[in-house]
Structures are given as structure tokens and as C-alpha cells.
Amino acid sequence: MYPRLMLCTLSCAALIFAQQDRGLITGAVKDSSGLMIPGATVSVTRNETNAVNRATSSSSGDYTFPSLEVGTYTIRVEREGFKSAVAKDIIVNASGAVRADITLEVGATQQSIEVQAAAVQVQTENARIQTAVANRLVDQLPLVVGGQLRSPFDLALLAPEVKAPNDGNNNFAIGGGQAATYGVSLDGVSSNTGRALQTQWAAMNTPSLDAISEFTVESNGFKAEYGRAQGGQMSFVSKSGTNTFHGNLFEFLRNDALDAAFYNKAAKKPVYKQHDFGGTFGGPVLIPKLYNGKNRTFFF
């Protein structure tokens with residue numbers, strides 16, 4: 001009875017499409033003179049999984065792809081009478097908005113021009129103040145901080161609008177908000193707790209940092225669906241499988257045999273032995289001769 005109940009719960013959870021952790025790509029399709037081009041076919045492809053979304057530019061030449069997963073995207077725009085345009089390396093962060101305007105040149109559709117995405121210096125899509133911490137930085141930060149297991153809140157302190165004076169467990173705050181009034185979400189689901197949002201308790205609702213793809217810290221202009229958050233909101237996104245197999249193994253070791261002696265040689269070193277270890281693995285679902293999940297089904 002219990003295994004069946006567990007499987008049912010997991011199946012139902014898979015049907016919940018949370019939006020808070022997603023990002024969007026928006027922009028306009030223009031010709032070389034700056035006039036808007038309606039009716040252009042726009043497709044965005046997530047490089048990690050080859051998942052494709054398609055849309056058509058509006059009568060005013062605009063297009064928007066909401067609810068996109070975190071990742072790197074390629075945009076392709078086609079319109080009869082114009083060369084196809086391809087924009088690469090469009091990075092979508094959690095809860096982020098990216099603007100990519102595309103210019104088409106007159107020519108045959110079979111011809112194409114390639115545009116490298118340029119970094120946007122000023123965010124003009126909204127008034128949000130956001131700091132994104134990408135997977136590479138998450139992986140390279142120390143595994144253990146202050147003798148305790150690494151917490152996502154340790155990483156959030158990298159954002160300039162985050163402060164944790166004195167006891168960060170109780171006084172952690174974002175922006176101009178009061179202590180312990182921040183919001184936390186994992187894959188769009190709230191991770192808040194009822195214990196005055198102490199960081200030690202909220203961290204228990206998030207996965208190991210090796211299972212986090214990236215996270216963002218927002219101190220202004222965050223979406224209304226975040227609800228009770230005051231001052232700021234943290235959005236964590238867990239890793240997912242891709243079209244290639246990836247994984248890692250790690251161990252953090254501390255042992256008094258490796259510690260230096262006290263300046264007073266008569267003092268005995270305290271016994272200290274600590275092991276923290278684990279690993280991750282993800283990729284496409286492959287069942288030989290039965291199912292090939294590349295571009296469709298993934299695990300992590």
C-alpha cells in the first residue's frame with residue numbers, strides 16, 4: 001500500500017508546472033531600415049536538451065517566450081523574402097527576462113546570418129534588481145563553511161543586497177526588508193518555514209548544492225506571485241538531465257592528523273575527524289532496443 005501511495009504522489013507532482021523559477025525571452029523582429037516585421041517564424045532551442053519552442057511575431061513585430069527553463073538558448077527567425085537569422089548563446093536565468101531584437105536582411109530564406117548575443121548592460125524590461133549565481137560558481141565554492149555543511153544561504157551572501165549581521169541564522173535579510181522576512185522557492189515551490197525563517201531550517205527544504213543548477217536573489221521588482229516576501233526573494237533551480245551523461249563524486253575530509261600543532265607544544269591537539277561525501281549523475285533516459293530519450297526524457 002505504501003509504495004503505491006509514494007508512486008502516485010510522485011506521478012502527480014510531475015504534472016505540476018511551476019512558473020516562478022522560469023525565465024523569458026522577448027524582443028522584436030526588424031528589417032535593416034528598422035521597420036517591424038510581422039508574421040515571422042521565431043523558434044528558440046534550449047542547447048542542453050534541444051527542446052524547441054515556436055511562435056510568430058505579432059502585427060507590431062514583437063515576440064515573447066514565457067516560462068522557459070534555465071539554460072542557454074539559440075534563436076532562429078525566418079520570414080519569406082528575408083535571410084534567416086540565428087542568435088546564439090542567449091542565457092536565461094531563474095525568473096530573469098532577456099531581450100533579443102533580431103534584424104533580418106533581404107534575401108533568400110535558404111541563406112542565413114549568424115548573430116552572437118551581446119551582453120545587455122542595462123535591464124529595461126522591468127525594474128527588477130537581480131543577482132544570478134550560476135552553476136560554475138556554485139560548484140567551485142568551498143564545500144564546508146565554518147565546520148558545517150555548505151548552505152545555499154552562504155552563497156546568497158555573494159549578492160550585494162544581502163546582509164546577515166551578527167547571527168546570520170536569525171538576522172538574514174535581503175534589500176531593505178526586515179530580518180527573516182525574505183522569500184525562498186525551489187523550482188517554483190515555496191521553501192519557507194514557520195520558524196521565523198531561520199536559515200538553518202529553510203536550508204533543510206532545499207537540496208544539496210550539488211543538485212542546484214543556479215539561483216537568483218531579487219531585491220526589487222520581483223513578481224507578485226511570490227506573496228509574503230519582504231525586501232527580497234531567492235529562487236533556486238535544481239539540476240536536470242541533458243542529452244549527455246554528466247556526474248561528479250566528492251569527499252571533504254578533515255582529520256586531526258593533518259592539523260598543525262598548537263604554539264604551545266604541551267597542548268594536545270583535539271580529536272577531529274569529519275567526512276562529507278556524495279555524488280550526482282544525470283543524462284537522457286536510454287533503454288536499449290526499447291526507448292531513446294534524447295531530446296525528450298531526462299533524469300538526474
Side-chain angles (χ1 to χ4, degrees), residues 17-132 134-135 188 213-214 216 218 220-226 235 237 240 242-244 294-296 298:
F17 295 96
Q19 305 300 317
Q20 295 178 358
D21 63 309
R22 302 300 179 94
L24 68 87
I25 296 177
T26 186
V29 182
K30 309 174 183 179
D31 63 15
S32 55
S33 64
L35 295 176
M36 298 297 184
I37 301 178
T41 300
V42 185
S43 61
V44 296
T45 304
R46 186 171 181 241
N47 296 351
E48 293 85 353
T49 61
N50 286 333
V52 182
N53 291 273
R54 293 183 176 85
T56 302
S57 60
S58 66
S59 57
S60 58
D62 299 314
Y63 72 90
T64 298
F65 290 90
S67 191
L68 294 176
E69 292 183 81
V70 169
T72 304
Y73 287 82
T74 297
I75 302 176
R76 185 178 182 86
V77 182
E78 298 177 328
R79 182 69 164 89
E80 186 177 354
F82 294 88
K83 298 179 183 179
S84 300
V86 178
K88 296 184 176 181
D89 301 326
I90 308 295
I91 299 176
V92 175
N93 295 317
S95 303
V98 180
R99 183 170 187 87
D101 293 333
I102 306 296
T103 300
L104 298 183
E105 297 179 2
V106 176
T109 307
Q110 290 76 12
Q111 297 176 295
S112 64
I113 57 175
E114 189 172 299
V115 180
Q116 285 297 122
V120 178
Q121 300 299 321
V122 180
Q123 171 62 264
T124 60
E125 297 307 306
N126 49 56
R128 178 180 301 139
I129 299 177
Q130 182 183 70
T131 300
N135 173 251
S213 173
E214 74 163 44
T216 57
E218 302 175 52
N220 184 65
F222 44 87
K223 301 176 183 178
E225 63 261 33
Y226 288 129
S235 300
V237 179
S240 62
T242 64
N243 274 328
T244 56
K294 284 192 174 183
N295 300 332
R296 292 182 291 178
F298 311 92

Pairwise side-chain contact, Leu24 with Phe65, heavy-atom cut-off 4.5 Å (strictly under): no
- prompt: Which heavy-atom pair separates Val29 from Val77 by the least distance, and what is that distance?
  reply: CG1-CG1, 3.9 Å
- prompt: Going by the salt bridge (charged side-chain N to carboxylate O under 4.0 Å, His left out) test, which pairs reach into residues 47-58, not counting sequence neighbours?
  reply: Arg46-Glu48
field: Closest approach of Val92 to Gly23 (non-hydrogen atoms, all atoms of both residues)
entry: CG1-CA, 3.7 Å
query: OG of Ser84 to CG of Leu104: how many Å apart, nearest 0.5 Å?
result: 8.0 Å
query: Looking at CZ of Phe82 and OG of Ser32, how far apart are the two atoms once the value is rounded to the nearest 0.5 Å?
result: 8.0 Å
- prompt: With distance as the sole test, does Asn243 use its side chain to make a donor-acceptor pair with the main-chain N or O of Lys294 at under 3.5 Å?
  reply: no
query: Less than 4.5 Å apart, any side-chain heavy atom of Ile75 and any of Val42?
result: yes
- prompt: Is the closest side-chain heavy-atom distance between Met36 and Ser60 below 4.5 Å?
  reply: no
query: Hey, what do you get for OG (Ser235) to CG (Asn93), rounding to the nearest 0.5 Å?
result: 11.0 Å
message: Using a 3.5 Å distance criterion without hydrogens, assess whether the side chain of Arg76 forms a donor-acceptor pair with backbone atoms of Thr41.
response: no
field: Side chain proximity check, Asp62 to Thr26, heavy atoms < 4.5 angstrom
entry: no
Main-chain N/O of Asn47 paired to Thr72 side chain as donor or acceptor, under 3.5 Å: no
query: Ignoring hydrogens and geometry, is there a side-chain-to-backbone donor-acceptor pair from Asp101 to Ala28 under 3.5 Å?
result: yes
- prompt: Would you say Asp89 and Ile91 make side-chain contact, with heavy atoms under 4.5 Å?
  reply: no
query: Just by distance, do the side chain of Ser57 and the backbone of Ile37 share a donor-acceptor pair under 3.5 Å?
result: yes
statement: In short, Ala100 meets Ile90 closest at the heavy-atom pair CB-CD1, 4.4 Å
message: Nearest 0.5 angstrom please: Asp31 CG to Arg79 CZ, how far?
response: 11.5 Å
- prompt: Measuring from Ile25:CD1 to Leu68:CG, what's the distance to the nearest 0.5 Å?
  reply: 5.0 Å
